[in-house]
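Below: the structure, in structure tokens.
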Amino acid sequence: MSGFEEFAEEAFSLAGIAAKPEALKGIRVLELATRIFGPATSDYLGEFGAEVIKVELPLRGDLMRYVAPQGFFWKDVSPAFLPLNRNKLHVAIDVRLPEGKDLFTRLAEKSDVVVENLRAGTMDEWGIGYLQLRECNPRLVYAANSGFGQWGPYSQGRASYDATAQAVSGFSAITGFPGHPPVKAGFWVGDYTAALFSAIAILAALASRRRTGEGQMIDMSQAESMIRTLDWTWPYAGLTGKDRERAGNQDVALPPSGIYRCADGFVAVSVRDEEERAGLLKAVGPASPGTGSTGETGALPPERVAAFTAARTREEILRISEGAGFSAARVVGGGEQYNDPHLRARGTVWELDDPLYGRIDEFGPGPKLSESPGRIKWTAKPVGYHNEQVFGGLLGLSPAEMKELARKKVIGKWADVPGARPPKASPPGGPGKVGGGSIAG
Amino acid sequence: MSAFADWARRATDPRQAKEKPEALPGVRVLELCPGHFGGMVAASILGEFGAEVIKLEPPGGDPARMYAPEGISIAGTGLPFLSEARNRRFVTLSLENEEGRGLFRRLAQGADVVVTSEGAARMEEMKIGYEALSRENPGLIFLALSAYGSFGPDARRRVKDADILCQALSGAPYIVGEPESGGSPPEPHQAPTRLGNWHAWFIQGLWGAFGVLAALNFRSESGKGQFVDVSGAEALMKFADYNVTWMHTAGKARERVGNFDPAVFPYTYIRCKDGYTFIAAYNDEAFESLMTIIGHPELTRDPRFSTPTARVRMENEKALLEILEEWSTTRTAGEILREVEDYTSRKRGPGAAVVTGRVNRPLETLGEANWWERGCFTRVQDPVYGDLLLAAPPWKMSGTPARLQSVCRPPGADNGEVYCGLLGLSGADLDSLSARGII
């Protein structure tokens, strides 16, 4: 074992994570968002120790609760909702009512960050936008996530989802095969990409606030986030006046890198430099029988790589690549990832024991930090699950006050429908007693 | 435009950025990522927020300068490199011998962040690994980027990290593209499909920057640096929705469904007179709105489409797509947008959540005034690399906006400034290092 491996075994031990400090401890994030863009932004911060208070409308809550693959709910919750909402405290406030606005504002006074993804200007119309909240909390970092930004021709009244950003940015036009329609990525990449950009801006704004004490507003557009990720598309268009075309599974910047069919699935073959190209050439063999590969120059056409991979399994190609000096990797899906010992050893497939749902495996934190690692402490909870903990513990409301607010429908809990409610089989031990997380007002 | 939108524009217009302070002044980043675009992204993001980035290239230039789609390069540098070489200083350094490594150690002593794609084992071999550097600089944040990560059973696999490898391992292509239709052999496009840009490299870089910023926050409290390990595969994997959760709860792996969606419908691209446009309406109220817009309000009572669960049965998704395209193929994408907006602007609330947007080719995006008004693109006139069109930082911020300050410089262009300015070397030292091929 090398010195680094010894270091890593200690520094990245999954068993050691719970006892280590958290990178974003002490940062409170108030989320008023639905579906993916906003919730993912605060999920990313919560994984590293920020305390996230997720505000939903009473009864039905975040509409993402009802986005269920093939209509499937597990223990009355959608598996698509869980991985976006870990380590959060769930409260339900009708922020459209005057007393609801007041409650939200009082929470914002005690928060470091607000994350929202309503249509541009909606929060301001409701009286709880950045301009109103900064009056009572000038240190507030406010992330306004939206499809097209808070100002400009496309910003007013126009809604957006992930695939709007995929479509209008040019991303889909360069994804897919020549002669076939543009491809929409089968996952909500326009949401997550923008959410990560938003989380990064929040951390940058917090870094600035450490020096100045001042908060600020971040205007984050989904479409503009995707535009930023299209690498040479823009200088190419600027220089040639031409559209970058769909290139199917070929990476035309690093030929003949690409995804290739093999005997038992698909494999990625990668060639980053001359050394790797020579290695691949050696493995693929000469263009026609009888001619040696020595001294062969020019491009190695993808068709020859395809013929080489078609006859072999993924594992054979990986083994050959290691000997020959080019790079290869399996094309894997969720099934293989779920059962992958490497991903489990890294906590990328995170084995969670949730106090309400029991064992549930989800994606763990992305970056692995040796001193202040991220962690999944609990998964998403029913609508209004932490009302007492937050309104009582943080705002100091008495049980009688909460009861009165509930009677006026200012605060509330879950509707009795799958997606919103606790699992029928294992009713909660009582509000505030489960779900992890403690609050000190 | 509303009063709030007016305020937001005044407060966050990127054209005002250079008059405002930066978010990360005084943070010094050393980038040691030859041939690696993900590392460039991580450093660019920090640089756009005002960190001082020093990129170290092997003498002769970074191999990534050679990446040149269609063979296009300017002054020896390809367009991919030029798209991501912003806001940094360019220094050459060979790590082949002890003297070069010594210079690296001295630079790392004065740095806050090292970003590297060189592999933890190789860095250790060269005696510039995390443990060695952090002994001399305990506050150092060391970001390691790789395909599999620096630890775990597969960490020893010998690959040169690249976007296509990270995409493959992320599970993204597996759920992107057309399923096989049963023909033998399957058609080439009925395959797991790569995202057309270097999305894995981008997301690896973005998670790297996120990790560094989280670590800087921790250091401000504790004084401690740390090792931040980012696998490009895992970076993008985290975006693959509920892949793992669905396996756990239902024992099902997601498969490719083309432009359909297993969890929400309609949520797809539809053909129109002038190409394709996105159409979504994914709750009952929005679905009713959409059916009214296309003149088929009765379909909300059709058992194939009357509930969200019925609408995501694949045969019903296909039937609904046909109905939608009967309507959409007689209209342009612009006409569809106007019809949707006319309807939804009258109807606030959940029913307004019918969403559309043209599937733009890049030149079509560039042709829309909106993005230029928002400052998403910049044309820069560079003395070496000429007239370049670049994507600007995507954030609009009122206090400490990100900004694009420079495009690219030739290898070693900033050697004097960095080695003499930061390390106190003399001109004669530089000449000697240069003569011996170290810089």
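By convention in this document, chain letters (A, B, ...) are assigned in the order of the sequence lines, proteins followed by strands, and residues within each chain are numbered from 1. These figures come from a predicted structure and were not determined experimentally.
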- Would you say B:Met66 has more than 12 foreign heavy atoms packed within less than 6.0 Å of its CE?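 Open: at most 12 neighbouring heavy atoms sit under 6.0 Å from CE of B:Met66.
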
- Message: Can you confirm whether B:Arg157 is buried at CZ, in the sense that more than 12 heavy atoms of other residues, nucleotides or ligands lie under 6.0 Å from that atom?
- Response: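 Atom CZ in B:Arg157 is packed in, count exceeds 12.
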
Mind listing the closest non-hydrogen atom pair of [X] and [Y] along with its distance?
X	Y	value
A:Trp232	B:Ser83	N-OG, 4.1 Å
A:Phe197	B:Trp395	O-NE1, 2.8 Å
B:Pro262	B:Val257	CD-CG2, 3.9 Å
A:Arg261	B:Pro186	NH2-CB, 3.4 Å
B:Thr344	B:Val354	CG2-CB, 4.2 Å

Measure distances from [X] to the heavy atoms of chain A and classify the residue's part below 4.5 Å as side chain, backbone, both or neither.
X	answer
B:His189	both
B:Ser231	both
B:Asp6	neither
B:Val312	side chain
B:Ile74	side chain
B:Ser170	backbone
B:Phe218	both
B:Lys160	both
B:Pro63	neither
B:Ile72	side chain
B:Met237	both
B:Pro80	both
B:Phe377	side chain
B:Glu221	neither

- Query: Do the side-chain N and O atoms of B:Asn243 and A:Tyr338 include a donor-acceptor pair separated by under 3.5 angstrom?
  - Reply: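 No donor-acceptor contact under 3.5 Å links the two side chains.
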
- For A:Thr193 and B:His199, does a side-chain donor sit closer than 3.5 Å to a side-chain acceptor?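 B:His199 and A:Thr193 do have a side-chain donor-acceptor pair below 3.5 Å.
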
Can you tell which part of [X] gets under 4.5 Å to a heavy atom of chain B, answering side chain, backbone, both or neither?
X	result
A:Arg346	both
A:Thr164	both
A:Phe12	both
A:Ala185	both
A:Ile259	both
A:Met217	both
A:Ser169	backbone
A:Arg210	side chain
A:Pro365	backbone
A:Leu230	both
A:Ala144	neither
A:Asp243	both
A:Leu254	side chain
A:Gln150	both

- Query: Hey, is A:Glu362 close enough to B:Lys238 for a salt bridge, meaning N to O under 4.0 Å?
  - Reply: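 No, no charged N to carboxylate O under 4.0 Å.
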
- Message: Under the rule for side-chain contact (heavy atoms from CB on, under 4.5 Å), what residues qualify as partners of A:Pro153, not counting sequence neighbours?
- Response: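 Only B:Asn370, B:Glu373 meet the side-chain contact (heavy atoms from CB on, under 4.5 Å) criterion with A:Pro153.
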
Could you check which of [options] has the highest count of heavy-atom pairs closer than 4.5 Å to chain A?
options	result
B:Leu390, B:Val228, B:Thr309, B:Asp387	B:Val228
B:Leu388, B:Leu24, B:Val264, B:Asp261	B:Asp261
B:Arg254, B:Glu131, B:Arg158	B:Glu131
B:Val230, B:Leu165, B:Val176	B:Leu165
B:Tyr130, B:Tyr174, B:Phe49, B:Phe37	B:Tyr174
B:Gly149, B:Ala235, B:Ala68	B:Gly149

With a 6.0 Å cut-off on ring centres, are [X] and [Y] close enough?
X	Y	result
B:Trp7	A:Tyr130	yes
A:Phe4	B:Phe227	yes
A:Trp188	A:Tyr161	no

Without swapping roles, check the side chain of [X] against the backbone of [Y] for a donor-acceptor pair under 3.5 Å.
X	Y	value
A:Arg272	B:Gly35	yes
B:Thr193	B:Pro173	no
A:Asn339	A:Gly335	yes

[X] side, atom [atom1]; [Y] side, atom [atom2] - distance, nearest 0.5 Å:
X	Y	atom1	atom2	result
B:Leu206	A:Arg228	CG	CZ	8.0 Å
B:Leu143	B:Phe210	CG	CZ	13.0 Å
B:Trp246	A:Trp74	CH2	CH2	15.5 Å
B:Thr245	A:Asp361	OG1	CG	9.0 Å

With chain B as the partner, which of [options] has the greatest number of non-hydrogen pairs under 4.5 Å?
options	answer
A:Arg209, A:Glu22, A:Arg330, A:Arg246	A:Arg330
A:Ser78, A:Ser321, A:Gly149, A:Ala8	A:Gly149
A:Ile218, A:Asp231, A:Leu82	A:Asp231
A:Gln70, A:Gln156, A:Arg244, A:Lys25	A:Gln70

